[in-house]
Amino acid sequence: MASTTQIPIDLTTPSSSPSPAEADRVLDLSHLPPIYLLPTRLSEVTLHSLEQGLLGAGALLTYNPAEAGVVVGDVNTKRRGLLELRGRGVWSEEVIGGVDGGGEEEGLVKVVRIKWITEMLEKGEEVEMGRWVVYVGKKVAPPVVKEEGEKEEGEKEEGEKEEGDDHGEGGPAKKKVKREIGEAGDGVGDGKATASLKSPGQSILERAKLDAQEQSPHRYHRGRGTRHIRHDSEPSRRARPPLLHHTSTGEFEQIHILAQLRTVPDYVSQNLKYSCLRDTPLKPPNSHFISLLQTIRLARTLSLDAIGIRAYSTAIASIAAYPYPLLTSAELSTLPGCDGKTSSLFHEYIHSTPTFAGEEDDNRTIHVVQELEASEEFTTLRMFYGIWGVGVHTAREFYFKNGWRSLDDVVEFGWDSLSRVQQIGVKYYEEFNEHKIPRAEVERIADIIISAARKVGGEKWDGIVCGGYRRGKGQSGDVDIVLSHPEESLFEGNVGGKGGVAVEWVGRIVGELETAGWVTHTLYLGRGGGFGSQRIDHTTTTTAAHDKDTLAKAMLVWQEQEYNPPAELGEKNRNPHRRVDIILAPPSCAGTAILGWTGATTFERDLRRFVEKRWGWKFDSGGVWDRRTGERVKGLGDWRGMEGEGLVECEKRLLEELGVGWREPEMRNTG
DNA sequence: TGGCAT
DNA sequence: CGTA
DNA sequence: GCCA
């Protein structure tokens, strides 16, 4: 049951108010000099409301006090105003006479009480600021060295349309990738590549961490930081962002903040940290902020920071499950997995390029993300990492050791040192990365595969598309299909060498698909030696026998044969190549295979952590295992296909038995 | 301070 | 090391 | 980076 703790929401925020209706607003403050809001003694909620009100009136807000012509705050005395400015690195000398009205004078800064704003917002008309001005100063140079406590707010510098999101460095290597892809050609011989040896040590990815750290706790957090909120609001997190601290601006708050209440989600009020225990939709309200965190996470990936990946994944999953647009960093910091760092990033985000009520917020940003997007190192590593068969280590080797900067470099200087699958990854780089697969095509591919399985193995073969498609994505990066057959005996035995019977079946199915002309390349076919530890237990009670067993699978490159518009005879098939994975699961593993291959990644990691903590079990796509005895936990994930059970039913039963409970695949999008 | 999926 |  |  949901806690009834309520979060006050500013009425001027999205959802309710349309954006372009700015035209007929009564209050127009756009002629005023840049306004800086003093956070002192104001709650973040109040600050946010004031900002929204000012922005709604067209006022120009700044987050750099040095730029401000007007500073508004809960300040009642001259001396206080001067000190507030000085505390922010703005030194000034009082100006006695010239306190006229709203006019802008270069180098002048006026400190004004909040009443001025609340009055205007309440009346809906502009009010002379004169009677609310407590201090007028003329900016002067700081006496000595600049203090480091101040500065920055780099947030508002205009992002100069950097080279966008694509990985297109040297463009797709289409032209040069005419070279043959060897059948055997493996072994990463040392290329004859040029090498501009560069130390990986002080790269931007490493620096990004430090940057992020130093920019984290700024003023808002020192005074009333999220930490305080967390610790102060003592008992097991009542999950409530700071309500209206009492300030001199009560009326305004009451008018603009009062109404609209949010119910705190269970996972927040109960501090549930396992993403497998809560709903995470595909398109959450905070998706834009999440996408920025994903960029930082990718930077951590590319800098080999495994723990950073886990940390950001946790935060991302938590935010992705949050059903409301976040308003303040304090609110964010109530979510499990989101603490100081995450909330300070959000603070910077929400105060970056301000957004008008009702507008999309995708013009907001975070400084470190802008730096990443502008950096050659990050964008190039990201591009290399996008090559199928190239992981972080190889991407870094390309960049730092070989000095390559584009796909063309890879082709020109390194082609012969690439493994066969990497060559395929380069050849189809663009098709794999830019051309997502529509749902209808995924379904068509699945139909063809299931038909092929039935053709070679009988009508009882069944299959289910997992991966992103099953989680509801409109476009998929690849197709993951899990096939099974209700007859366990079909998979028993180890004849046929390495992989045993199951591999024989994949081989037959893939062979059929190749013959039919759908498969252009086989990137991997078999079991063991690959990834995962998807052990399957056939019959035995001893553990030794099946240590190396894994689910059989094939990783293929696929191409639709029919192209339209229908081309001339003999013309080339220009349909995009697709990545297709086929996984074969004996019925005893069908449930775990489906659960394991549906994802998303953080959902899977949390599922495994949960199952370990709750039962002491180990979960993988080949079964559930008791860690003490090493035995397979009987019946879990078993497909009772002979009794008419469907594959989804089977997964459902498994989730119940694991103590997780049913979760729609569409609600496993942990980002 | 150790753990973070398999 | 790379892959889901 | 967050949590127990």
Side-chain angles (χ1 to χ4, degrees), chain A residues 186-188 209 212-213 216 226-227 230 236-237 271-276 293 296-297 300-301 304-318 332-333 335-345 384-385 387-397 418-422 425 466-468 470-471 476-482 523-535 550-551 553-556 579-583 585 592-613 617-625 627 670:
Chain A
D186 279 43
V188 188
K209 285 192 221 170
Q213 259 155 18
S216 56
T226 59
R227 242 159 233 298
R230 173 74 58 86
S236 65
R237 29 166 83 258
N271 195 22
L272 285 183
K273 288 182 290 294
Y274 295 92
S275 64
C276 55
L293 294 184
I296 299 177
R297 177 176 64 183
R300 298 310 170 90
T301 302
L304 299 172
D305 174 12
I307 294 316
I309 299 169
R310 173 70 237 199
Y312 277 92
S313 296
T314 303
I316 287 165
S318 190
L332 170 58
S333 70
L335 311 199
C338 303
D339 205 340
K341 180 56 179 293
T342 316
S343 74
S344 79
L345 288 172
F384 290 153
Y385 188 53
I387 301 172
W388 202 90
V390 171
V392 178
H393 289 269
T394 307
R396 293 177 64 91
E397 182 179 307
L418 298 181
S419 70
R420 177 178 154 277
V421 300
Q422 288 170 337
C466 297
R470 184 158 183 250
R471 298 199 307 275
S476 298
D478 66 1
V479 179
D480 303 302
I481 181 165
V482 172
L523 298 168
Y524 175 83
L525 194 157
R527 165 168 103 157
F531 50 84
S533 51
Q534 304 142 329
R535 297 181 288 185
T550 65
L551 298 185
K553 67 173 163 292
M555 309 175 93
L556 310 172
R579 279 275 304 107
V580 173
D581 293 336
I582 299 174
I583 299 90
T592 51
I594 292 166
L595 181 54
W597 279 81
T598 298
T601 301
T602 306
F603 180 94
E604 297 292 335
R605 296 175 81 158
D606 286 346
L607 173 70
R608 287 153 163 78
R609 283 198 309 131
F610 175 77
V611 165
E612 147 85 51
K613 188 195 72 144
W617 292 342
K618 184 159 93 75
F619 175 93
D620 64 47
S621 64
V624 180
W625 313 81
R627 288 178 188 273
T670 49

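Note: hydrogens, waters and symmetry copies are ignored here, and every other heavy atom, side chains too, is used. A quick note: this is a predicted structure, and the numbers were derived from the prediction, not measured. Proteins come first, then strands; the chains are lettered A, B, ... in the order of their sequence lines, and each starts at number 1.
The pair A/E604-A/R608 meets the salt-bridge criterion, with a side-chain N (NZ, NE, NH1 or NH2) lying under 4.0 Å from an Asp/Glu carboxylate O.
To the nearest angstrom, C1' of D/dC2 lies 15 Å from CZ of A/R297. Nucleotide D/dC2 holds its P atom 13 Å from the CG atom of A/N271, rounded to whole Å. Atom CD1 of A/I594 and atom C1' of C/dA4 are 15 Å apart (whole Å). For the pair A/Y385 OH and C/dC1 P, the computed distance is 13 Å after rounding to whole Å. What separates CD1 of A/I309 from P of B/dT6 is a distance of 16 Å, to the nearest Å. In this entry the distance linking CZ of A/R396 with C1' of C/dG2 reads 16 Å, nearest Å. The separation between A/I582 atom CD1 and C/dA4 atom C1' is 15 Å, rounded to whole Å. Put simply, OH on A/Y524 is 19 Å from P on C/dC1, counting in whole angstrom units.
In this structure, CH2 in A/W625 is found 9.0 Å from OG1 in A/T592, a value given to the nearest 0.5 Å. Interatomic distance, A/D606 CG to A/L272 CG, rounded to the nearest 0.5 Å: 11.0 Å. Atom CG of A/D339 is separated from atom CG of A/L332 by 9.5 Å, given to the nearest 0.5 angstrom. To the nearest 0.5 angstrom, A/L607 atom CG is 11.0 Å from A/D620 atom CG. In this structure, NZ in A/K553 is found 7.5 Å from CD1 in A/I583, a value given to the nearest 0.5 Å.
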Residue pair A/I387, A/T394: steps toward the side chain to side chain contact (heavy atoms under 4.5 Å, CB included) verdict: CA-CA 10 Å; A/I387 301 172; A/T394 307; over 6 Å; no
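As judged by a 4.0 angstrom heavy-atom cut-off over every strand, A/I387 is placed among residues touching the sugar-phosphate backbone only. As judged by a 4.0 angstrom heavy-atom cut-off over every strand, A/V611 is placed among residues making no nucleic acid contact. A/R579 comes within 4.0 angstrom of sugar-phosphate atoms only, judged by non-hydrogen atoms across all strands, and of no base. Across all strands, A/G308 comes closer than 4.0 Å to no nucleic acid atom at all (heavy-atom distances).
Using a 4.5 Å cut-off on side-chain heavy atoms (C-beta onward), A/R471 and A/F603 make no contact.
A/T314 and A/R310 share a donor-acceptor pair across their side chains, judged by distance under 3.5 Å alone.
You'll find that the side chain of A/T394 is closest to C/dG2, out of C/dG2, C/dA4, D/dG1. For A/K618, the side-chain atoms get nearest to B/dT6 when compared with the rest of D/dC2, C/dG2, B/dT6. When distances run from any side-chain atom of A/D478 to the nucleotides C/dA4, C/dC1, D/dG1, the shortest one goes to C/dA4.
Between A/S621 and the phosphate of B/dT6, there is no side-chain N or O to OP1/OP2 separation shorter than 4.0 Å.
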Look for any protein N or O under 3.5 Å of an N or O in nucleotides 1-5 of chain B and output each such pair with its distance, or none.
from: B/dA5; atom 1: OP1; to: A/R605; atom 2: NH2; distance (Å): 2.7
from: B/dA5; atom 1: OP2; to: A/R310; atom 2: NH1; distance (Å): 2.5
from: B/dA5; atom 1: OP2; to: A/R605; atom 2: NE; distance (Å): 2.7
from: B/dA5; atom 1: OP2; to: A/R605; atom 2: NH2; distance (Å): 3.4
from: B/dA5; atom 1: N7; to: A/R605; atom 2: NE; distance (Å): 3.4
from: B/dA5; atom 1: N3; to: A/R608; atom 2: NE; distance (Å): 3.2

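Under the 3.5 Å distance criterion, the side-chain polar atoms of A/Y385 are left unmatched by any main-chain donor or acceptor of A/W388.
Taking a pair as Watson-Crick or G-U wobble with both distances under 3.5 Å, DNA chain C forms no stem of 3 or more consecutive pairs.
The separation of B/dA5 from D/dC3, taken at their P atoms, amounts to 15 Å, rounded to a whole angstrom.
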